[in-house]
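Worksheet: the structure to be examined is printed underneath.
When a ligand or atom number is given, it counts from 1 through the structure's own listing order. The chain is numbered in sequence order, starting from 1.
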Amino acid sequence: MRFSSLRGMQDIIEEIHLWQHIENNVREIFENYNFQEIRTPILEKAEIFLRSIGENTDIVEKEMYIFNDKKGRTVALRPEGTASVVRAYIQHGLFNNPAPQKFYYIGPMFRYERPQKGRLRQFHQIGVECFGVSSSFIDAELIYMLKIFLEKLKIKNLAYEINSLGCKECRAQYRKILFNFLSNRVSRLCDDCKRRFERNPLRVLDCKVESCKEALKDIPLILEFLCSDCKAHFLSLQKELDEMGISYTVNPKIVRGLDYYTRTVFEVTTTMLGAQNAVAAGGRYDDLVESFGGPPTPAIGFAIGIERLIELCSTTLTVNPKRPIVYVAYLGNDLRTEAKKVVNFLRENNIPTEISYEETSLKSQMRKADKFGVKIVIIIGEDEIKKGVYKWKNMQTGLQGECSFQELIDLIRRHNDQS
Ligand code: HAM
């Protein structure tokens with residue numbers, strides 16, 4: 001009987017070095033912008049997602065891993081990170097700390113979607129959330145930081161698209177206009193959009209079905225209905241982005257699949273990923289902290305899909321995995337104590353080293369060393385020990401010699417640097 005992983009959930013084995021490289025860059029770059037890491041639980045009360053992402057979104061209606069625990073509490077595997085970070089921000093009174101409070105996270109998210117290229121049921125996000133700044137300066141800076149990060153990973157051909165969804169007031173106004181417009185065309189919409197029309201009319205804007213696109217060609221767009229404050233915020237964002245030298249397009253059809261957004265929303269897409277073309281996405285959620293019982297707090301964030309990043313940079317980036325440089329071979333169990341002394345010494349000096357855990361012939365140990373691709377083998381033999389030395393062999397050049405314990409580190413570094 002053999003088990004396999006669940007559909008849409010992957011083991012990360014071969015590509016782990018790329019993952020680690022990406023994660024190291026997240027920490028390095030984001031911390032330069034004063035973001036601190038936050039780790040929240042993977043399982044939360046389901047209600048926090050229903051209340052933030054929205055009851056009438058695809059995520060909540062169809063995609064949540066939601067179940068009752070042994071006490072009958074309804075819990076969910078987090079489908080995204082923002083709601084949990086907002087919950088933690090309020091629960092720990094972080095609004096009492098000086099603003100801005102900036103957090104980043106790296107971790108698994110769960111959505112019960114139909115698995116396909118670029119779409120998994122357990123996927124991973126790098127996310128950031130920033131609390132306490134309403135100025136569009138931070139909106140632009142987040143997009144800039146994202147761009148710096150993606151460039152560091154040598155990802156090219158990305159499109160940056162922005163939009164504004166307005167605030168509670170102007171969006172309510174727009175919804176009414178949209179509702180009236182759609183009322184005359186419901187019969188021409190796909191089944192999904194018919195449902196959206198009733199419950200979440202904004203979502204018809206990003207429907208990919210051709211007949212819907214055709215029926216909605218002259219749909220009124222939110223940008224025409226922004227109130228003066230939202231309009232000013234959106235214009236100043238564009239000015240900031242221009243100043244920072246970021247090329248972007250305004251796409252008034254970006255509405256996002258989560259209900260908490262207000263004002264700025266943005267997506268970073270690529271033509272290299274097929275249908276699932278969004279690498280990163282985010283926006284402002286100025287009302288969410290208050291709606292969770294916290295003080296009114298402007299906030300903004302984004303998340304990057306790590307699997308999609310990996311897909312993009314697996315062709316452009318080579319990350320050399322840390323492999324053993326040295327293999328310590330020993331001729332018989334009587335010499336194992338000496339061999340262990342050498343192995344421990346090398347490892348403590350940051351030289352990745354491997355050894356045989358079973359007593360085997362020198363020939364078989366040399367074969368193993370070759371398979372591991374080490375640079376140098378140190379051979380512990382009876383005759384050499386008597387002389388106070390070890391034998392060594394450079395596996396690439398075939399050069400051999402003898403060295404003392406004190407000379408080991410220098411010798412290995414010299415041979416390792418040469419290749
Ligand atoms: P989202 O657009 O739902 O936003 O997800 C962000 C990114 O996660 C997507 O652009 C995509 O790269 C990746 N992603 C989403 N679903 C999947 C999937 N099933 N398989 C693989 N990758 C996927 C959010 O989650 C918001 N919390 C972002 C945010 C943070 N907004 C403000 N702060």
Exercise. Among Tyr285, Phe110, Tyr261, whose heavy atom sits nearest atom 29 (C) of ligand 1?
Worked result: Tyr261
Exercise. To the nearest 0.1 Å, how far is atom 23 (C) of ligand 1 from its closest protein heavy atom, and which atom is that?
Worked result: Phe123 CD1, 3.4 Å
Exercise. Just checking, is any N or O donor in the side chain of Glu240 or Tyr144 under 3.5 Å from an acceptor N or O on the other one?
Worked result: no
Exercise. Counting from 1, what ligand 1 atoms have a heavy atom of Ala281 closer than 4.0 Å?
Worked result: 2 (O), 28 (C)
Exercise. Against heavy atoms of Tyr260, which atoms of ligand 1 measure under 4.0 Å?
Worked result: 26 (C), 27 (N), 31 (N)
Exercise. In terms of ring plane angle, is the pair Tyr89 and Phe95 parallel, tilted or perpendicular, where the classes change at 30° and 60°?
Worked result: perpendicular
For this session: Would you check whether Leu120 has a nitrogen or oxygen atom less than 3.5 angstrom from a nitrogen or oxygen atom of ligand 1?
Result: yes
Exercise. Are any non-hydrogen side-chain atoms of Ile254 and Phe266 less than 4.5 angstrom apart?
Worked result: no
Exercise. Would a 4.5 Å heavy-atom cut-off, applied to side chains only, mark Phe225 and Leu178 as touching?
Worked result: no
Seminar exercise, completed: Ranked by distance from atom 13 (C) of ligand 1, the top protein heavy atom is Gly305 CA, 3.6 Å
For this session: Considering the heavy atoms of Gly282, write down every atom of ligand 1 situated less than 4.0 Å from one of them.
Result: 31 (N)
For this session: Taking the six-membered ring for Trp and the full ring for Phe, Tyr or His, determine whether the centres of Phe405 and Phe345 are under 6.0 Å apart.
Result: yes
Exercise. Under 6.0 Å between ring centres, would you say that holds for Phe197 and Phe179?
Worked result: yes
Exercise. Within less than 4.0 angstrom of ligand 1, does Gly118 place any heavy atom?
Worked result: yes
For this session: Return yes or no for this condition: an N or O of Ala303 is under 3.5 Å from an N or O of ligand 1.
Result: no
Exercise. Can an N or O of Ala278 be found at a distance shorter than 3.5 Å from an N or O of ligand 1?
Worked result: yes
For this session: Ignoring hydrogens, just give me the one of Arg119, Glu80, Gln125 whose non-hydrogen atom is nearest atom 5 (O) of ligand 1.
Result: Gln125
Problem set entry | Criterion side-chain hydrogen bond (donor to acceptor under 3.5 Å, both in side chains) on Thr74 and Asn68, from CA distance to verdict | CA-CA 4 Å; Thr74 309; Asn68 290 338; 3.0 Å; yes
For this session: Would you please say whether a donor-acceptor pair under 3.5 Å links the side chains of Glu224 and Tyr174?
Result: no
Exercise. Are Arg256 and ligand 1 in contact, using a heavy-atom cut-off of under 4.0 Å?
Worked result: yes
Seminar exercise, completed: Closest to atom 33 (N) of ligand 1 (heavy atoms only, candidates Glu129, Glu113, Gln276, Met109) is Glu129
For this session: Could you tell me if any non-hydrogen atom of Ala280 lies under 4.0 Å from any atom of ligand 1?
Result: yes
Problem set entry | Per-atom contacts of ligand 1 with Phe302, taking only distances under 4.0 Å to non-hydrogen atoms | 29 (C), 30 (C), 32 (C), 33 (N)
For this session: Report, in ascending order of atom number, the atoms of ligand 1 lying under 4.0 Å from any heavy atom of Leu258.
Result: 3 (O), 4 (O)
Problem set entry | Side chains of Thr264 and Asp139, donor plus acceptor under 3.5 Å | yes
For this session: Consider only side-chain N and O atoms of Gln365 and Ser356, and report whether a donor and an acceptor are under 3.5 Å apart.
Result: no
Exercise. N/O to N/O below 3.5 Å, does that happen between Tyr105 and ligand 1?
Worked result: no
Seminar exercise, completed: re atom 11 (C) of ligand 1, the protein heavy-atom contact at minimum distance is Arg308 NH1, 3.4 Å
Exercise. In terms of side-chain heavy atoms, does Thr82 have a donor or acceptor partner in Glu80 at a distance below 3.5 Å?
Worked result: yes
